[in-house]
Amino acid sequence: MDEPQIYARLAQIFEDVFDEDSIQVTPELSAKDVDGWDSLAHIRLILTIERAFKIKFSTSEIGKLQNVGGLVTLIKARAE
Amino acid sequence: MAGTGAGIQPMDSLYSELQWLPRAPREFPERLKALAHLEGPQGRELQALALCALDLNQLTKLAKAIEKARTKASAGGRSLDPLVPFRLAVLSNATFDLIAPALVASGVRHGISLEIIQPSYDQVAQEALTPDSKVNSAKPDAVLFALDYRALPLKLSLGDSETSSATVQGVIGYLQALRGGIKANSNAVCIFQTFAPPPETLFGSLDRALPGTLRNLIDGINRELAANVLASGDVLLDVAGLAETVGLANWHNSQLWNMARFSFSDELIPLYADHVARTVAAIRGKSAKVLILDLDNTVWGGVIGDDGLEGIKIAQGDARGEAHLAVQRLALDLRQRGIVLAVSSKNTDEVAREPFEKHPEMLLKLDHIAVFQANWNDKATNIQAIAEELSLGLDAMVFLDDNPVERGLVRKLLPQVRVPELPEDPAYYARTLAAAGYFEAVAFAAEDLQRAGFYQDNAKRASLQKQIGGVDAYLASLDMTITFQPFDATGRARIVQLINKSNQYNLTTRRYTDPEVAELENDPEVFTLQVRLADIFGDNGMISVLICRPGEAAAWEIDTWLMSCRVLGRKVEHMVLREILRHARAAGIRTLCGTYRPSDRNKLVADHYARLGFTKVDEDGSGLTRWELQVEGAEPETAPMNVVSQGFFVAREKSRA
């Protein structure tokens, strides 16, 4: 799966999790940019991504995440 | 399937994905959005969406739409018709924020408009015990104690049974204190969860046996908790059972606990929420009461009209046959706990009945089926006819059919009827039906045992009554046979049961033990009757018990006269009196003396003796009345039934021997 595909899938997931279709999913996007992206929504986001890409993140990976760019790097490394 | 990724556990998806529910339609998001513009009541459309198998994100979105619709409705002074409002407070030691919306959406699935009252994280004791806490001042209908084992003071005491039972008692005491706080301050129904033990063991298998291990302590707490709930009228949510069903390793997710204090895996939130919702619906009496069965390929394998009696599969030892037998067994067990069974089949009536009558392996018999609809009408019409016949609402009906077309039709035309999706393989039909939890109950009363038969017989009797004019003609059409016998050893257990259980049709409410009744059997001075009644619908069994003791001067004192309320209105009491008089005359008795001793349950029979032609001779301040009837010339009303009187001579012979 290449990066544009991952971003496209992530856009769907963000819409699903935040119930909001106007979010631009860019590498720089982070929690402070999205209304309702609190710690619980973050968990829901991570869980939805794990299921969608059939991967599992470790606790420390989730803890280190800063923005969508970091997330995509992780997904790329995991999902073949 | 998932499962190739790092550490994703494959799960039995029947439960985690709520596979008895149809998948969410592709246009689910559009229909949600359309709700915002929908004028008029939104309850039905919300429920239609909730009746799909939804994941956590879909549940969360639906909950948002529900909250909006509720705000709009209450602004107009209405509730979310036809949904029933319910206020549920949740006290939890874990993160409940993601579960609460799932509960709201699942509640709508079960016909409940749930308002969740959720205090701050981990304020369990403060909220329960403080009179003006958020929970108590909200006056909820029920409080759910959503605690997991980490909320409990569980100290290991390996091999020390004394300390470990003290630990268990300590925990139970803590839960009782929480309950006491809620009961005193808001008097809400308390819903307690059993505790799912963690999958990790200390010794291994020995953990179950050895006192003081975590597993052993939790087992003890669950057992005690369940017993308390049964005794107190509280409600139990068996989370431990749920976790066992899906597997403890699937249930517990240590990463999510560490990161966000999730009590269990996020993937199981929809399942958990559905279980909470069905429990609340059961508290509100919204559980289903009737199971309507399709026949071909549901109750048996194959098509009776094509394959014939020899061709259909229901035999033991045949894999497919056993799958359908499992459906029959579940249906029978449900019937035993009070669920009414009905049949809706596209068949010629005689052909559909044939297996019930002639196939030796069939567990279900025609006797078990309250309403049998085999014809060529569409199933929605038939289900409506069944509901009418039973005088029950469509929302009390569950319809089990292997054919997706029939399921779809019924769901579309009768959305109130619950129709489980079924997997390809009939081996899983019974499990799927059970997993759906349509018949969830929060209590079990002895009358439940009788209920299926009661509805069934009443359905038959009511349809007879339709055909026939007056009550007497109706009674005659029942072709009743009443059987009188003196007490004997064979009948003793039932006699003792009736004496100790009957409250309403019981003139004196005197209770006797088994040995006391045995003594009466052999006392030649005492006249006793056990009375049975059969009619065209079957044998009602023993329905009346009578004891006469010798009184003064050629009189019999009626010590006990009781009757089962099932046979009220059949003039059984008149026939019993005729039988007493017959024996009284033979024994040279001149007077029958009766007593009505009022209890708080037997008003029904306050004028029992008056109706039978006795004369009142005394009344005291407590409402106790005494009555007499002269045997000579007494001619009580008769009723159309065959009378069998047996065993009297033999009994006297024995007692003399």
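So you know, we letter chains A, B, ... as the sequences are listed, proteins then strands, and number each from 1. This is a predicted model, so every value here is computed, not measured.
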Taking A:E3 first and then A:K76, would you say they form a salt bridge - that is, a charged N and a carboxylate O separated by under 4.0 Å?
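Yes, this pair counts.
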Under a 4.0 Å N-O cut-off, is there an ion pair linking B:E30 with B:K33?
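No, no charged N to carboxylate O under 4.0 Å.
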Contact winner vs chain A - B:L32, B:T95, B:L56, B:T60, heavy-atom pairs under 4.5 Å
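Ranked by contacts with chain A, first place is B:T60.
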Can you classify the ring geometry of A:W37 versus A:F14 as parallel (below 30°), tilted (30 to 60°) or perpendicular (above 60°)?
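A:W37 and A:F14: perpendicular rings.
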Checking heavy atoms, do the side chain of [X], its backbone, both or neither come under 4.5 Å from chain B?
X	result
A:I46	neither
A:I43	side chain
A:F57	backbone

Is it the case that the side chains of A:D16 and A:T48 hold a donor-acceptor pair, with the cut-off being a distance below 3.5 Å and no angle test?
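Side chains of A:T48 and A:D16: no pair found under 3.5 Å.
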Taking side chain as everything from C-beta outward and backbone as N, CA, C, O, which of these in B:L256 sits under 4.5 Å from a heavy atom of chain A? Side chain, backbone, both or neither.
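The answer is the side chain of B:L256.
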With side chain to side chain contact (heavy atoms under 4.5 Å, CB included) as the criterion, how do A:L40 and B:F262 come out once you've worked through the C-alpha distance, each side chain's angles and the decisive distance to 0.1 Å?
CA-CA 10 Å; A:L40 279 169; B:F262 275 34; 4.1 Å; yes
